[in-house]
Structure formats: structure tokens, C-alpha cells
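Computed from a prediction, not measured in an experiment: that's the story for all the values here. One-based numbering, in listed order, for ligands and for the atoms of each.
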Amino acid sequence: MTDATGPGPYETILVERKGRTALLTLNRPKALNALNLQVMNEVVAATEVLDRDPDVGCIVLTGSEKAFAAGADIKEMRPQGYMDMYLSDWFTAWDRLAQLRTPTIAAVSGYALGGGCELAMLCDILLAADSAVFGQPEIKLGVIPGIGGSQRLTRAVGKAKAMELCLTGRTMDAAEAERAGLVSRIVPAGELLAEALAVAETVAGMSAPVAMMAKEAVNRAFETTLAEGVRFERRLFHAVFATADQKEGMAAFAEKRPPEFTHR
Ligand SMILES: CC(C)=CC(=O)SCCNC(=O)CCNC(=O)[C@H](O)C(C)(C)COP(=O)(O)OP(=O)(O)OC[C@H]1O[C@@H](n2cnc3c(N)ncnc32)[C@H](O)[C@@H]1OP(=O)(O)O
């Protein structure tokens, strides 16, 4: 891993590049990567820079072994009043992660609570270490999720489990999260980063515009009716036949060789 990337220097995150993969590591270890406004601004700024970089094909977001992120920063929120929250539109910048076109992977080890769970759910692929712990415990603090947790968790695991987690603050371990469909896979904690980078390398090796279209098509399933979603997919499917990478991918198959995508 080399090369700091983006407009940094950042104080709360580390950004590294390896080939077409960018690795963004949350770096507030003493606070278990609690997500204060500085972290939010730096994560959003860095990912938006990476998103515009044609040499980046996948972004991996991770934390420490103990904590992906233990939530939004409770100490920062504690003194705020309604007008502070409303006028600053607290947390709204996080929504910009959902607009990234580059595929993103959350590599979650340890605690992913509250805003930490919500940040993981803003990513496209969730890989969990066997040590991962997920939950929306905001209710124990007298508040509710505010970075989309009530919506994305419900879509991921269904109403029954989301309701229980949001109303009781109970956490779930990696095995339960996988059974519930929140994470795609569990890997041993010591292998998490290597596995996430391997998945990222695979994704980044695909045609970038086609990967963007695949991401957009899957995400559309959360926004629209089945008929509209299928129509949207069909239009994108037709559009990929205008890419050089469709010609290359199918030629490579016929010629029994690996494709060499040009991301055009
Ligand atoms: C409100 C919205 C929209 C979203 C939210 O995310 S609210 C926050 C949700 N998260 C939580 O409620 C989890 C809070 N943290 C914990 O319960 C525990 O820290 C733990 C179970 C994750 C880990 O416990 P452990 O005993 O191992 O570690 P601590 O001594 O408690 O923590 C170490 C260090 O980190 C600070 N910390 C932890 N989480 C947060 C946080 N979310 N915000 C701010 N600071 C946090 C903790 O205070 C301690 O630092 P100090 O020793 O300096 O106090």
C-alpha cells in the first residue's frame, strides 16, 4: 500500500492506494472510531475525490480490529439542541456516500454500532470479520438512528429483526448478521482486510462503466417498483452494448483468454 490520495492531509482517516483499489481506514482509535463531524467531512471528501478518479475501480472502507465504528460521536452530539441539529442539517453529508458511482466495500471488524452500522450499510458490499458486532443502539441514548439506519437495516434484514434491534438496542453478532442478510460473508478476523482487498481487486478489474451500471441497477431495486426496476435494468443492459468493454469481454470469452477492459 502506498500513495496518500485526495486533498488531505486528513486527520481522522488514512487513504492508501493499491492498483485500482483505494483503502480508506477510519483512524480515531482512542474513540473506537466514533464518527464526529470531522470524520464525516473527511470520509465524504476523500471518497468523492476517489470517485472522480478514473484509476480507482473500488473503494474499501475499514476501521480497526476492535471497532469499525462505535457510532456517531455521542460526546459531540450531547450538548446540541434542536435548532443546532436542524439548521446544520446534522448528518446529511453522509447521504453523499450513497451517490458514489464507484463500488464500495465495508470491511467490518469489531463494533459497527449506530452510525457505524449505518456507515457500513451505505457501502455496496459488507464483509464481516467473525468478531463483528452490529446494532442500532441509539434508543438506549434516548434517540433514534439518523444516518438511514431505520430504513437501510429494515430493507436489509426485514421489519421483524430491524424493529427488534431498533426498539431494544440489542446487538447481533456476525453469524446472525449473515443469516439475516446484512453481510454477504464472514471471514476470520485476521483475514478480513486481505479478503476485502481481494474482492476489491476483482471488482476493480471489471469494466468500470459496466460495474457502475450494475451497481445502479441493483440500487434501483430499493427505489422503485419491480416493473420499473426491470425496465431500468433492460435499458442499461441495452446500453452496455455501446461499450468497448462488452466487445472485449465477449471476444475474450470466445477466444478463451482473459479480457483486457479499457473502461470505455
Ligand atoms: C445518534 C445516532 C444517529 C447514531 C449513533 O451512532 S449514537 C451512538 C451509538 N453507539 C453506541 O451507543 C455505542 C457507544 N459505545 C459503547 O457502548 C462502548 O464504547 C462499546 C461497547 C462500543 C465498547 O466498550 P469498551 O468498554 O470496550 O470501550 P469504552 O471504554 O466504552 O470506549 C473507549 C473510548 O471510546 C469512546 N467511545 C466509544 N463509543 C463512542 C461514541 N459512539 N461516541 C463517542 N465516544 C465513544 C469512549 O467514551 C471511550 O473514551 P473515553 O475513555 O475517553 O471516554
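- Between Pro103 and Ala211, the closest heavy-atom pair is CG-CB, 4.2 Å.
- Using cut-offs of 30° and 60° on the angle between ring planes, the pair Phe237 and Phe241 is perpendicular.
- Under a hydrophobic clustering in which Ile, Leu, Val, Met, Phe, Trp and Tyr are joined whenever their side-chain heavy atoms come within less than 4.5 Å, directly or via other members, Leu26 and Leu97 fall into the same cluster.
- A side-chain donor-acceptor contact under 3.5 Å links Thr12 and Glu42.
- For the side chain to side chain contact (heavy atoms under 4.5 Å, CB included) criterion with Arg28, the lone passing option out of Ile13, Leu35, Val39 is Val39.
- In this structure, ligand 1 sits under 4.0 Å from heavy atoms belonging to Lys30, Ala31, Leu32, Ala34, Lys66, Ala70, Gly71, Ala72, Asp73, Ile74, Lys75, Met77, Phe91, Tyr111, Leu113, Gly114, Gly115, Pro137, Glu138, Leu141, Val143, Ile144, Pro145, Gly146.
- Using a 4.5 Å heavy-atom threshold, the side chains of Glu176 and Asp173 count as touching.
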